[in-house]
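A short worksheet on the structure shown next.
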Protein chains: 2
Amino acid sequence: MLKEKYSQYSFILDRTARRVKQYAQTSFLQNAFDITIDQWSILKILFHADPMTHKELAEKSGKDQPTLTRIVDIIIKKQLAERIEHPQDRRSLQIRLTASGEKKVAQLSPAVKNIRMKAWENLSEEDFGHFTRILNTIYNNLDQ
Amino acid sequence: MLKEKYSQYSFILDRTARRVKQYAQTSFLQNAFDITIDQWSILKILFHADPMTHKELAEKSGKDQPTLTRIVDIIIKKQLAERIEHPQDRRSLQIRLTASGEKKVAQLSPAVKNIRMKAWENLSEEDFGHFTRILNTIYNNLDQ
DNA sequence: TAGCAATTATTAGTGTGACAACTAATTTAA
DNA sequence: TTAAATTAGTTGTCACACTAATAATTGCTA
C-alpha cells in the first residue's frame with residue numbers, strides 16, 4: 001500500500017464536499033431562497049415525514065443534536081416549522097412544518113434538484129454506483 | 001435521469017467527509033497530538049515547501065484566505081510556524097515552520113498515515129482510481 | 001508620474017460541526 | 001417506592017467555511 005498516495009483522499013474528499021456545499025449555497029443566494037442548504041435538508045426531511053422528534057430528525061439528517069437544535073431554532077424563527085409537545089413523552093418535542101414551510105419546500109424542490117444535478121455532468125449511472133459504494137464503505141470503516 | 005435518486009449524493013458526500021474529519025480529529029485527540037487536522041494539513045504543506053505566502057498556501061490547501069489566516073494565527077500561537085516579511089512585496093507575508101514545527105510534522109507523520117489508511121479497508125486500488133476521478137470531476141463541474 | 005485598479009492580507013458577521021456539561025423527564029432496579 | 005441511571009433537548013465553547021468590507025501596497029496607464 002502506498003500510504004503517501006492514498007492519504008491524499010481526505011484532501012480530495014474534503015474539498016469536493018466543501019465545493020458542493022458552496023455551489024448550492026451560492027445558487028440559493030442568487031435565487032433568493034433565503035435559507036441555507038443545511039436548513040433545506042431539514043425542511044426536506046420534514047416534508048416527507050413530519051412530525052418528528054429532534055432525535056429522529058438528527059439521525060435522519062446525520063447531524064448531532066446540538067447542531068440540529070440550532071438549525072431548528074432558525075427555521076422556527078423563519079416561521080417555516082414549529083415545535084409541538086410529544087403526546088406521550090414530556091421530555092420530547094416534535095417538529096413539523098408550518099403551511100409556509102410546506103409551501104417553501106414544494107416551491108423550491110425542482111430548482112434544488114437542478115442545482116444538485118450539475119455535479120453529475122460527464123458522469124454515468126455506473127459512476128454513481130461506485131460513488132455511493134465507496135463512500136459508504138469509508139463511512140462504515142470509520143464507524144466505531 | 002432520476003433526479004430524486006441522484007440528488008442523494010450530496011448527503012452521502014457530506015456525511016462521509018464529516019466522518020473522515022471527525023475520525024482523524026478524535027484520533028489526534030486520543031494521541032494528544034494537540035492540533036486539529038486542518039492545522040495539520042497546513043503544517044504538512046509547509047514542511048515540504050516553506051516558506052510560502054498566505055496566498056500560495058491558501059491555493060495549495062484549498063482553503064480560502066480568511067480561513068487560512070485564522071489557522072496560521074493558531075499555529076503561530078502554538079509556536080509551530082512564524083511569519084516573515086516577503087523580500088520583494090511588502091503587502092505579502094511568508095510563513096515558515098519553526099524548528100518545533102518541523103519536529104512535530106516529522107514525529108506525527110507515520111501515525112497520521114496509519115489513521116488515514118483505516119478508511120480504505122475493503123477497498124481496492126481500482127476503487128481509489130474511481131474515487132479520485134469521480135470526485136475531481138464533480139469538483140471541476142462546479143468550478144467557476 | 002499621478003491616479004486608479006488590482007492584489008495581499010485581515011477583520012467582522014453568520015452559519016455549521018464537535019464536544020462537554022447541564023436541566024428536566026422517564027425508566028430501571030434495589 | 002424511592003434512588004440511580006438513562007434519555008431528550010439545550011447551552012456554551014472552540015474551530016472552520018464563506019461572504020463582504022477594509023487597509024496597505026503595488027502596478028498599470030493615460
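Chain letters run A, B, ... following the sequence lines, proteins first, then strands; residues in each count from 1. Predicted, not measured: the structure shown is a model, and the values here were computed from it.
Across C/dT11, D/dT10, D/dC16, the shortest atom-to-atom separation from the side chain of A/Pro66 is found for D/dT10. Counting only heavy atoms from C-beta on, A/Gln22 has its side chain closest to D/dT19 among D/dT19, C/dT16, D/dA17. The nucleotide whose nearest atom lies closest to any side-chain atom of A/Arg90 is, among C/dC19, C/dT26, D/dC18, C/dT26. Closest to the A/Asp14 side chain, of the nucleotides D/dA17, C/dT16, D/dC16, is D/dA17. Among the nucleotides D/dG9, C/dC19, C/dA18, the one closest to any side-chain atom of A/Thr67 is C/dA18.
Hydrophobic clustering (side-chain heavy atoms under 4.5 Å, transitive across Ile, Leu, Val, Met, Phe, Trp, Tyr) keeps A/Tyr139 apart from B/Ile115.
Listed pair B/Thr69 / D/dC16 fails the phosphate criterion, with no side-chain N or O lying under 4.0 Å from OP1 or OP2. OP1 or OP2 of D/dC16 lies within a sub-4.0 Å distance of a side-chain N or O belonging to B/Thr36. Under 4.0 angstrom from either OP1 or OP2 of C/dT8 there lies no side-chain N or O belonging to B/Ser92.
Taking the charged nitrogens against the carboxylate oxygens, A/Arg70 and A/Asp64 have no contact shorter than 4.0 Å, which rules out a salt bridge. A salt bridge does not link B/Asp34 to B/Lys78: none of the charged side-chain nitrogens sits closer than 4.0 Å to a carboxylate oxygen. Taking a cutoff of 4.0 Å between a charged side-chain nitrogen and a carboxylate oxygen, A/Arg90 and A/Glu85 do not qualify as a salt bridge.
At distances below 3.5 Å, at least one donor-acceptor pair connects side-chain atoms of A/Thr98 with backbone N or O atoms of A/Leu80.
On a pure distance criterion of 3.5 Å, a polar donor-acceptor pair joins the side chain of A/Arg70 and the base of D/dG12.
Among the heavy atoms of the strands lying under 4.0 Å from B/Gln65 is at least one base atom, whether or not backbone atoms are also near.
In the helix from C/dT1-D/dA30 to C/dA30-D/dT1, the end axes, each obtained as the rotation axis mapping the C1' atoms of four pairs onto the next four within a five-pair block, lie 0° apart to the nearest 10 degrees.
The separation between B/Asp89 atom CG and D/dC28 atom P is 12 Å, rounded to whole Å. In this structure, A/Ile37 atom CD1 and C/dT16 atom P are separated by 8 Å, rounded to whole Å. In this structure, A/Asp38 places its CG atom 5 Å from P of C/dT16, rounding to the nearest Å. A straight line from CZ of A/Arg18 to C1' of C/dT16 spans 14 Å, rounded to a whole angstrom. Across the protein-nucleic acid pair, B/Glu56 atom CD and C/dA9 atom P stand 8 Å apart, rounded to whole Å.
There is a side-chain donor-acceptor pair under 3.5 Å between A/Asp127 and A/Ser124. Side-chain contact annotation: A/Asn141 with B/Arg19, donor-acceptor N/O pair under 3.5 Å absent.
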CA sep, side-chain torsions, deciding dist, call: A/Ile45, A/Leu57, side-chain contact (heavy atoms from CB on, under 4.5 Å): CA-CA 8 Å; A/Ile45 291 171; A/Leu57 200 43; 3.6 Å; yes
I'd like a list of close polar pairs between nucleotides 4-7 of chain C and the protein, N/O only, cut-off under 3.5 Å.
from  : atom 1 : to      : atom 2 : distance (Å)
C/dT7 : O2     : B/Arg91 : NH1    : 2.9

